Chemist: 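This is the structure I want to talk about, given as structure tokens.
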Amino acid sequence: MGRLLVALDLLGIFVFAIEGAMAGKAGQFDILGVLVLSFATSLGGGIVRDLLIGCRPVAAVSDWRYASVAFTGGALVFMMQAYLGHIPSTLLVVLDALGLALCAVAGAEKALAFGIHPTIAVLMGAITGVGGGCVRDMLMSRSPAVLHRDIYAVAAIFGAAVMIAGQRRLGLKPSLASFAGGLACFGLRLVAVWRDWQLPQLG
Amino acid sequence: MGRLLVALDLLGIFVFAIEGAMAGKAGQFDILGVLVLSFATSLGGGIVRDLLIGCRPVAAVSDWRYASVAFTGGALVFMMQAYLGHIPSTLLVVLDALGLALCAVAGAEKALAFGIHPTIAVLMGAITGVGGGCVRDMLMSRSPAVLHRDIYAVAAIFGAAVMIAGQRRLGLKPSLASFAGGLACFGLRLVAVWRDWQLPQLG
Amino acid sequence: MGRLLVALDLLGIFVFAIEGAMAGKAGQFDILGVLVLSFATSLGGGIVRDLLIGCRPVAAVSDWRYASVAFTGGALVFMMQAYLGHIPSTLLVVLDALGLALCAVAGAEKALAFGIHPTIAVLMGAITGVGGGCVRDMLMSRSPAVLHRDIYAVAAIFGAAVMIAGQRRLGLKPSLASFAGGLACFGLRLVAVWRDWQLPQLG
């Protein structure tokens, strides 16, 4: 991956690590549990993707920067505890959408680089974006929220699909296709929150 | 794997995908969640087996047919919603036993092909058969049913053991050993449902 | 790994298998579920470590001794049911601390042997020690206890760090560094239980 992509990937992980720590703080976890939730929320999606596409050892283990960024995000929540209540929830939603977009696009690109079929690579991008949140929810003993409500995984799928279609069908430069995919995911997610769009349930 | 085995494997996946979608419909999942449950229920066992035996990338990711069959099964449940209530539960039990038999035998064969010890290959067959249901239950935030009641995993173990013993001890042709193993699993499962056999609990 | 290390590793697995079976007995699992909990509790941490560091197939599958020891531990709980109530809880705590120390040190050593960065190898040791208990808790549909209370994972981290620092910084012989690391983990865990030390929670 290029240096820009790595930087963006680490930024997405940082955002998710903060969210994981905040979930742990709310859920009666001790300090170790909070750090584990930071790690699992921010790196869980990429770990699952790496296991599935056959990247070994997984990047979260072979590259020490990933764990460092994850734990830094978690530690920041410790140190900033007094101020967390003052962060506007709108900012959290925007940062989360940014993290989702970065992880979805970076995840799909990595799958392509490992020779995975483009359709499946879209799924791998989505798993990279939402997998960490699923692992976090399961560590908290609840069914993953992403399976029940909100346009969240769909935004990740959309962004990864736009990126791959731009690169493979329209012949865009990789960096431009990635930017378009990220923007598509980010935009759809924010509009969905703003308009409270929901997927239908069956029955 | 031979073409017949692949076809049978895909049939088993199709049956489990329908069951996964029906569980998602019953459990307040949205459309995306239902498709994820189809995927996880039908492919989760094989994914866990592939990770454990070291097949990379896992078949569910490297071969687009698996995901296609899984999502087709899920989508079928969407389209047939109005009729699902009319499917006799006996038919569901028989189809499920068929899916279990197919996955257990195909899973054990794949483990053997990867050089795994025959005893462990029996376990890998059982994991292929019941792993997807465990993943589904955990995504639904409940303890896997297969660990609490019914002769279900035991039927998968029995079928895989018959297949491997037939091939390795009795020198049967692989296709005949597979057939015998599948029949053993299918038969034990159906008799167990009919007679309401249960494993003992401790204490 | 040397023969002594393998023997110690198998001893740790045996202890954890007994604990897993006892948890299953308490939790309304049937006989199969109890054996699965033995397997998952004793081998789950090592399986997760092997998947992350890229050891394939995972040792629990490629080496039949691991599963044998796990199931022997589970079966022992079946046969000794009448006597389980008479085991002093102090003995269980000491044996568990022993299992934790053995798994943490052996796990960190294996990560080093696979070329993982020493800091991450400490984490891999901790995952080897506590991962099985987490998998057990999740199979029982509850949030992993290790994330909420007790000095448990911290003891595993401490032991793995002592072992690696001894080997890499102090230039101790591997066997001596391992012994020091195991003793550090075992000692910290027992003192923490004795003094009822807890990590702070946030907020």
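Each chain gets a letter, A, B and so on, in the order the sequences are listed, and its residues count up from 1. Being a predicted model, the structure only gives us computed values, none of them experimental.
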Chemist: Heavy-atom distances under 4.5 Å only: say whether B/Val36 touches chain A with side chain, backbone, both or neither.
Modeler: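 Side chain only.
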Chemist: For atom CZ of A/Phe179, decide whether the heavy atoms of other residues, nucleotides or ligands shown that lie under 6.0 angstrom number more than 12.
Modeler: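 Result for CZ/A/Phe179: open.
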Chemist: Given the options B/Val77, B/Leu35, B/Val58, which has more heavy-atom pairs under 4.5 Å with chain A than any of the others?
Modeler: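 The residue among B/Val77, B/Leu35, B/Val58 with the greatest pair count is B/Val58.
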Chemist: Any heavy-atom pair between the side chains of A/Phe114 and B/Val61 that's under 4.5 Å?
Modeler: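 Counting from C-beta outward, B/Val61 and A/Phe114 never come under 4.5 Å.
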Chemist: Answer with side chain, backbone, both or neither: which region of A/Asp137 has an atom nearer than 4.5 Å to a non-hydrogen atom of chain B?
Modeler: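 A/Asp137 has no heavy atom closer than 4.5 Å to chain B.
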Chemist: Heavy-atom distance under 4.5 Å to chain B: side chain of A/Ile116, backbone, both or neither?
Modeler: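 Looking at A/Ile116, just its side chain touches chain B.
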Chemist: Rounded to the nearest 0.5 Å, what's the gap from CE on B/Met138 to OG on A/Ser141? Could you check?
Modeler: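 Interatomic distance, B/Met138 CE to A/Ser141 OG, rounded to 0.5 Å: 9.0 Å.
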Chemist: Counting only non-hydrogen atoms closer than 4.5 Å, does B/Ile31 touch chain A with its backbone (N, CA, C, O), its side chain (CB onward), both, or neither?
Modeler: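 Contact with chain A: backbone and side chain both.
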Chemist: Using a 4.5 Å cut-off on heavy atoms from C-beta on, say whether the side chain of A/Ile157 contacts that of B/Leu32.
Modeler: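 Answer yes - side chains close enough.
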Chemist: Would you confirm whether A/His148, through its side chain, and B/Gly33, through its main-chain N or O, come within 3.5 Å as a donor-acceptor pair?
Modeler: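 Side chain of A/His148 to backbone of B/Gly33: no pair is present.
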Chemist: Any idea which heavy atoms bring B/Trp64 and A/His117 closest together, and the distance?
Modeler: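 Distance-wise, the nearest heavy atoms are CD1-CD2, 4.0 Å.
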Chemist: Please name the pair of heavy atoms, one in B/Met140 and one in A/Ser143, separated by the smallest distance, quoted to 0.1 Å.
Modeler: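 Shortest heavy-atom separation between B/Met140 and A/Ser143 comes out as CA-OG, 4.1 Å.
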Chemist: So with a 6.0 Å cut-off around CZ of B/Phe71, is the heavy-atom count from everything else above 12?
Modeler: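 Result for CZ/B/Phe71: enclosed.
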Chemist: For A/Arg149 versus B/Asp30, what's the shortest heavy-atom pair and its separation?
Modeler: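 So the two residues come closest at N-OD2, 3.4 Å.
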Chemist: Do you know which of A/Ile53, A/Leu52, A/Leu199, A/Ile120 has the most heavy-atom pairs with chain B at a distance under 4.5 angstrom?
Modeler: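 That would be A/Leu52.
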